[in-house]
Amino acid sequence: MAPHGALEEAGARYALEVVKTDEGAHRDPAYLKLNPNGKVPTLLVDGGFVIFESAAMAMFIADRHPAAKLAPGPDEMARGHFYQWLTHLTNSLQPAMLRYYYPERHTADAGGNEPVAASAMEEIATLWGRIDRHLAANGPYLLGDRFSAADIFAYMLSTWQQCCPGTYERFPHVKRLADLVAARPAMQRVIGLSG
Ligand SMILES: N[C@@H](CCC(=O)N[C@@H](CS)C(=O)NCC(=O)O)C(=O)O
């Protein structure tokens with residue numbers, strides 16, 4: 001959803017191709033040639049140039065479409081905070097969520113899944129709590145009053161609520177950000193497709 005939202009916000013020309021992970025399509029040899037990690041998503045630019053890692057795609061799309069203002073420019077101090085938040089989301093919050101969803105990859109113990117998922121859940125709530133406090137003091141967006149692709153990423157993760165039940169009730173400033181992002185016409189088109 002994050003790179004998809006960035007493409008739609010940018011008004012880029014693109015086509016979506018669904019990789020059916022529930023059918024194991026992300027492990028097909030043809031897909032692994034594009035993304036050897038066997039993860040979704042993958043971005044193919046102009047047919048031949050391939051990028052994996054959704055945060056990298058979001059930054060790339062922001063740079064290629066400066067008029068869309070999805071990131072502060074390279075000469076602006078705020079660019080540092082844009083990198084900070086996007087990296088934090090993709091390096092801290094998302095991995096904790098993936099630990100929750102794939103606990104078996106983090107334990108060799110029989111019966112180890114539950115404690116791994118439980119500790120991931122605790123970490124997720126701690127991280128959302130910190131983000132919520134940041135947004136309370138400096139929001140409504142991660143960069144203050146300025147929307148960026150990092151907010152799309154935060155919105156996407158906020159919809160993964162099985163790992164953090166009641167995210168929007170517990171973290172009202174995360175909810176405010178999510179509501180603002182979800183109300184954007186470009187994001188409405190993306191949500192309409194994935195919903
Ligand atoms: N850091 C990667 C994470 C990608 C990722 O883990 N995607 C999940 C879906 S949200 C996936 O492909 N899962 C399939 C698997 O790990 O087998 C990114 O942001 O692109």
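Atoms within a ligand are numbered from 1 in the order they appear, just like the ligands themselves. Note that the structure is a prediction, hence the values are computed from the model and not measured.
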Donor-acceptor contact below 3.5 Å, side chain T90 vs main chain L86: no
Does CD belonging to E104 count more than 12 external heavy atoms closer than 6.0 Å? yes
Hey, which of L143, L142, L135 is the one that makes side-chain contact (heavy atoms from CB on, under 4.5 Å) with D151? L142
With no hydrogens and no angle check, do the side chains of Y83 and R79 hold a donor and an acceptor under 3.5 Å apart? yes
Shared ILVMFWY cluster between F52 and L98, side chains joined below 4.5 angstrom? no
Show the protein residues that qualify under the rule heavy atom under 4.0 Å from an atom of ligand 1, listing them in chain and number order. H26, K39, V40, P41, E53, S54, Q94, L98, Y102, R105, W160
Among the clusters formed by ILVMFWY side chains lying less than 4.5 Å apart, do L34 and F60 turn up in the same one? no
